[in-house]
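Here is how names work: the chains are called A, B, and so on, in the same order as the sequence lines, proteins then strands, and each is numbered from 1.
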Amino acid sequence: MSLLKVVDLHTSYGKIKALRGISLEVNEGEIISLIGSNGAGKSTLLGSITGIVSPASGKVLFEGKDITNNRPNEIVRKGISISLEGRGILPRLTVEENLRVGAYSISNKNEIKAAMEEMYQMFPRLAQRKKQLAGTMSGGEQQMLAIARALMSKPKLLLLDEPSLGLAPNLVKQIFQMIKDINQKGISILLIEQNATMALRIANRAYVLENGIVKLSGTTEHLLNHSGVKKAYLGEVR
Amino acid sequence: MEHFTGKFNLEELVYKYRYPLGAVFLLLLLGLPYLGLSQYVMRIIIMIGIYTMLALGLNILTGYTGLVSLGHSGFFAIGAYVTAILMLKLQIHFIPAAFIAMIITGICGLLLGLPTLRLTGTYLSIVTLGFAEIVKMIIMNWEPVTNGTLGLRNIPRPSFFGIDLTLANHGMYYFMLILLFLITFLCIAIKKSKLGRALHAIKENELAASMMGIYTARYKILAFILSAVITGLAGGYYATLVSYIDHNSFTFDVSILILSIVILGGMGTIRGMFFGSILLIVFPEIARPLMEWRFVVYGLVLIFMMRFRPQGLLGWRTTLPFQVPVNAQERQKRSGKHGISRS
Amino acid sequence: ASTKESSQDGPLKIAVAFPMTGDNAEYGKSFLLAAQIKVDEWNENGGVLGREVELVSYDDKNSGDEAASIAQKIVSDPEIIGVLGHFASGVSMVAAPTYNENKYIEISNTASHPDYSSIGDYIFRNNSVISSEFGVIEDVLVNDLKLSKVGVVAIKTDWGTTAGDIAADIFGNNPSLTLVGREDVLEGSDDYSLAIAKLKEAGAEAVIGVGMYSLLAPLAKQYKAVDPEIQVIGLSNAYAQQLIELGGEAAEGIIFPVSFYADSTDPAVRKFVDTYTEEFGSEPSALAAQAYDSIGILLEAVKQNGSTDRESLRDTLNAISYPGITGETQFDEIGDASKEYTKLVVKDGKFIRFSDVSGK
Amino acid sequence: MAFLEVKNISIQFGGLTAVDGLDFKVEEGQVVSIIGPNGAGKTTIFNILTGIYQPGEGEIYFQGQQINGLAPQKIVSSGIARTFQNIRLFPDMRVIENVLVGTHIQTRYRLVDGFLRIRRFRQEESEKIQFAAKLLDEVGLSSRLNDYADNLPYGEQRKLEIARAIATGAKLLLLDEPAAGMNPKESEELRQFILDLKKQGYTILLIEHDMNVVMNLSDYIYVVDYGKKIAEGLPQEIQGNKQVATAYLGESEVDL
Amino acid sequence: MILQQAFNGLALGMAYALIAVGYSLVFGILRLVNFSHGSVYAFGAHMVILFVSYHFGLAPAIILGVVLTGLLGILIDKMALSPLRKKNSPGISSLITTIGISYIIQNLLMMAFGSEKKTFPELFPSKMITIAGAQVSSMQIVMFIASVILLLVLTLLVKFTKIGLAMRSVEQSEKIASLMGINTNFIIAFTFFLGGASAAIASILISGYYQIVYPTMGFVVGLKAFAAAVLGGIGLFHGSIVGGLVIGVAEAIAASLFGSAYRDSVAFIILILVLVIRPAGLFGKKGIEKV
Ligand SMILES: Nc1ncnc2c1ncn2[C@@H]1O[C@H](COP(=O)(O)OP(=O)(O)OP(=O)(O)O)[C@@H](O)[C@H]1O
Ligand SMILES: Nc1ncnc2c1ncn2[C@@H]1O[C@H](COP(=O)(O)OP(=O)(O)OP(=O)(O)O)[C@@H](O)[C@H]1O
Ligand SMILES: [Mg+2]
Ligand SMILES: [Mg+2]
């Protein structure tokens, strides 16, 4: 059954049409990658799904229910959670408080505690810096925090917007490994990545966005071998 | 954004015909007194001129540099009082008196600028507000000099070649035009030079500005001084116009009025200061029949403005192409071979 | 002859310029009403010189800028023969030169700045002169109450400062009185505890509140809280019903001189007070009564002058002796009115003549 | 003495030692990279070099002059400019105006000249505008000259930031993760661009996590962790370094 | 004498502190300098005298007044400020907006109630108590206790509760807070309600003490309270209280040394002096900005 379904979505910023009719689907248990160059509309799509920008037309369905134009907090409570591009951590809260905010929709204290322990195990650096103000963390440290925070709410669907941005190579590998692990626990994932090679390797299926429309879609094997994709996104090296 | 195309055309049109339009405008300004307007109307026009000067002054600080002052009535008061006291007590002519007043307001600008260097946003605003309150207290209590709450009366009008400038002989009007012209020219010159760019850069991102080698502290102080000096000059002129000043002429409301003009007109623009002061000075006059409702309407105007046009009525990002001297444009035509371009 | 001659028919206009909005709107409104009552009386009797009288009201917001602009507006209307206004001395003095230059009569019922009326021949004041009020207070202190240590709390406005100076001068020169302290307090602050503590420390037996009811009532309240024995004294400006309402218990025993007494049995006073109270909902203050009389004087002068010629009108006004509800009014050479005073005291929530209590 | 020489610098934030007794050198005309795990202290090194933070100890020499302890403005004037890990443009200014701000210290006319609009002012102003236009042309932004900086896509903002740094007249450019957020194709273009800059004689100190860029561009690499240098050498040497592999590159390929 | 003035200053400072807490609350959560706070403060007192005049009884009138003023806070936000936040308008727009609101409230109050000063009912029969030779009124002690309670309640609320965490998240980014499942509309409305209600509580206590009410009553105290809030470190409740007390005592000292006329500007002189030495106020920490 499809967990998330986007039907013919249009979104504009004033005169700029960022999305011009996007349809896609995420099934339960899948990892879906979304690639496309700067300004293709990837982040806007995530924004439209989570309700921070309101689409001009089209529909977003989650577990079969229409969530278009719901408020972000309602959407999050339904089981979608997001790690934002550019981290979006709360700079004047501590690391621990940021995580707490991530678990805002959970009311069971023990559950929160357990989730927090889990995150600290996953990211030992965060455990060392529980009381540091998130704003003073290094770029990569903030990225870890953003991902950890998104996981705190135990989502059914996790939206990741460029999670490897600014991370050291070893961490990038770790993050991708983690995405797989998370997925194995039954969380579906919609992943935006500039690192297209990795993104395509990890995903079940992928969509290529260009100028606000889906240019290509299909299984990852298919796209990895597609000449256009190779040229535009994978680069010659590697 | 919505008015994009409409404004584009208008702006381009105005730019294209800027010389004839400017000439017409200038002629209109020069001929204004001979259109048979009553003294009442002329007085309002002069008040518009004064508030335009004040707005231009504050604009340097708030519009160009991004430092919000809630206390410009303080500089206004200092300019007015110093000029008036020098003219009254020492019988000095307006020009040197106003000049000294400008120096003193400039020094006050410096003194206020120094402690506020490390402050931003709210902290800075409240300090400027406090400065104006302190100035008011000094005026009220330093009786031997300021005459305390009784105010200063019979401030003489400026006179040139034995002729007193008055409202009736239109001398005050033309004198205002000259001052306004000078100040406007100064503001344009600042804006179009490296000083203007440096101030703007500070407003946009102070850290990045200092990484460009801009001494942000010095420039902020300079903005304070320039702003204060212009405001002080407007104050001096104001004192001779009304010929009576007391502390009530320089309240918090005056600071707010100046700030509202700057914001309503369009922060950082020069056209906006003229437009904003016309609007906010004329409004209370035509709104007289509204009586008590006038302030409510005024409040609503502020709220609606901020809601629907926060960049100010005449504040928009220009769409006119940046003027690059010709020989460079030619070079620009052979487009770059090296350079990462994205397809 | 004057350049601007008003036309011979149509209503004869008088401008009323006060704050009608803002902090001091209560005053502007009450003066306008008082003036209107006087105008109505005349119009009922056929107007003046056969013409109906009309008031044109302006709102100066108690601001000099506004007043200057209003003055320009007024003097460009030839139908207007004179102006009642403005409220604060400072504001009146910004506008006065414009009136004077254009030969428009200005009568202020509130201005108290010593220099106000000397601005020009056309500028008149129908308000009590502070020094004579203090004369009365001096008499109360020395002869009636036999108190000697006096403190002054003055509002920090042009009026309050001037009055405070005069008080200091008068009490300082009286051998049987000692001025133990003078505190200038700012408008808009309702806490006088700091000033009170100083005066109390200095041993004041009587405190004189130089301000409107809005100063006197809280001052009395706060002073009596720390020193129930204190004698509070006010000036005629504070004579308003609100003094009792606001002061409550603490207003009891406050003494002040007035030239107008609303409970007077004089039929003219009764008539005004009743009409006013019916319209306004509370009794008129002394200042409102002066507004009423000012219009009366002006209209009487027009009548006696027989024309609206501005120069002769001014001369008539200078010569007039007008029996109004604030006593017999005459203008001296600079345009100040001399008044006579009655002493009032607050007793059982009412203003009564001091002589009725003390038997003097 | 080397072009840039850093001797034993350290800095602490509260109890945390972010940079710990670091030495390194940059020779003129080279591209030198600093790599290391997140939070290793790389950006902090840039902040120290540009005078934003004062090092607790240590010395920094640039072209033989000691520059530690100088104000950021002085350091820029001496010839060091930088870009930021999170882009800091002047968003409400046009692209060309951003570059013109960069020419600030190169602009010699005095403020009074500007008010009097004398010849020197006008001439220099027009020179600077031409220079800025040329620079934009070189980085491939000439079509964007009239746009406002905040309307540029991410990649172009990065380029503009570099152009602005060059406009200061700097000889040494400090670039903090310029390829972040770019896809492999774009980062390859960026690599070419930096190579061009090197050819033009600029010296570049680079922080970058994109190994394609680092390994194919650097003349020399320093690896830091916990504020300390853990390795240095030519790209090949670093790639083969065991310690670097564990601390930074990741030991094994991910099992995907 | 000195002691007496110190007590007077403390009492005065308590009034500033009570109002300052409201500034701090709204600023702390919404980074907004709410210039309408002084008018909202006046509104609160006027509501109480209105209900009292309709014979509601003092206690119900007070409760109604506090609730209504809280609702006014919400109304202000919904009508004028929330559209600005949605558009990410610069701070100066909200500042001007709150000034506009202030004009409207003040003038509507004037039209409805007149500009004259009116009496406010006594909250309870106040007595003078002599402590170490200085006289203190029992009302002042109540004010002191009330503001300490207000301080504690608000601090606990913001620092240690879940809703407090949500408030602090909203402060830093409304967008991100909502993406974390926080109902930001509710949180902001709640904050404005608290802001309004705290203004009303302050005005009831202070009016109960001075027994004077008029539409512009919030202006001068409002400015000084704002100064007090900034002095302590705006956004910090304990800072507001200490800031208020410092200013109150400073005024008392200035009045004793130089005379009452110098009193009003002391707040600002102290403020400037403190900010020169500590740019973020007495308790404020320097803002962090990671480069
Ligand atoms: N707040 C905004 N206002 C105006 N235009 C916007 C806004 N946000 C995005 N855009 C524009 O919408 C388009 C799509 O942007 P979006 O951020 O969704 O792209 P993206 O694919 O996520 O790019 P990137 O890889 O840089 O993150 C771009 O042209 C961008 O300039
Ligand atoms: N102002 C500060 N206050 C407290 N700690 C800080 C501050 N600035 C940096 N740090 C800490 O110092 C360490 C080094 O930070 P820095 O930004 O230099 O890392 P980096 O090497 O650039 O990492 P990244 O690759 O993730 O950007 C980090 O652990 C960070 O949390
Ligand atoms: Mg994106
Ligand atoms: Mg970094």
Side-chain angles (χ1 to χ4, degrees), chain A residues 13 16 31 35-40 43 85-87 123 125 128-129 131-133 136-144 161-162 164-180 193-203 220 229-238, chain D residues 13-16 18 35-44 84-87 151-158 176-177 179-191 207-216 223-226 239 244-256:
Chain A
Y13 298 103
I16 303 165
I31 301 181
I35 58 175
S37 53
N38 289 139
S43 302
E85 178 179 28
R87 297 140 202 162
F123 301 99
R125 176 56 64 95
Q128 294 161 14
R129 302 289 176 82
K131 297 282 177 238
Q132 185 170 341
L133 290 184
T136 61
M137 303 275 277
S138 88
E141 290 165 344
Q142 292 184 10
Q143 186 65 53
M144 298 176 211
D161 198 346
E162 304 198 18
S164 74
L165 186 96
L167 290 188
N170 57 341
L171 261 180
V172 174
K173 289 172 189 164
Q174 243 175 295
I175 290 280
F176 277 98
Q177 185 59 52
M178 209 174 300
I179 292 173
K180 279 201 71 147
E193 254 307 326
Q194 291 291 354
N195 194 336
T197 323
M198 289 284 247
L200 289 178
R201 272 202 238 153
I202 197 178
T220 42
V229 173
K230 266 187 175 165
K231 212 166 131 214
Y233 303 107
L234 305 180
E236 290 95 316
V237 191
R238 249 196 255 179
Chain D
F13 298 112
L16 177 85
I35 60 173
N38 296 115
K42 304 180 295 297
T43 301
T44 307
F84 294 91
Q85 185 166 0
N86 23 24
I87 301 176
N151 285 343
L152 295 188
Y154 189 77
E156 293 185 349
Q157 293 198 1
R158 288 238 101 108
D176 197 347
E177 297 197 31
M182 293 185 171
N183 68 30
K185 182 164 174 276
E186 290 164 334
S187 64
E188 174 56 25
E189 284 167 1
L190 177 81
R191 194 179 69 80
I207 295 177
E208 187 51 72
H209 287 307
D210 186 329
M211 285 305 112
N212 172 33
V213 174
V214 172
M215 295 302 170
N216 295 310
V223 188
V224 289
D225 194 9
Y226 291 103
Q239 255 162 337
V244 177
T246 21
Y248 182 58
L249 297 172
E251 278 161 301
S252 57
E253 267 303 292
V254 198
D255 138 55
L256 291 171

- Query: D:Asn38 side chain to A:Ala168 main-chain N or O, any donor-acceptor pair under 3.5 Å?
  - Reply: yes

Output for pair (A:Ser138 OG, D:Lys42 NZ), nearest 0.5 Å, gives 6.5 Å

Turns out that what part of D:Leu16 lies under 4.5 Å from chain A's heavy atoms comes down to side chain

Residues at least two apart in sequence or cross-chain that pass ring pair (Phe, Tyr, Trp, His ring centres under 6.0 Å) with D:Tyr226, listed by chain then number, are none

In short, A:Pro169 meets D:Met211 closest at the heavy-atom pair CG-CG, 3.8 Å

If one checks every heavy atom of D:Ala247 against chain A at 4.5 Å, the contacting part turns out to be backbone

One should read off an interatomic distance between D:Met182 CE and A:Asn195 CG, to the nearest 0.5 angstrom, of 14.5 Å

Between D:Glu177 and A:Gly166 the two heavy atoms that sit nearest each other are OE1-CA, 3.4 Å

Heavy-atom closest pair (A:Gln194 atom, D:Pro184 atom, distance to 0.1 Å) is O-CD, 3.3 Å

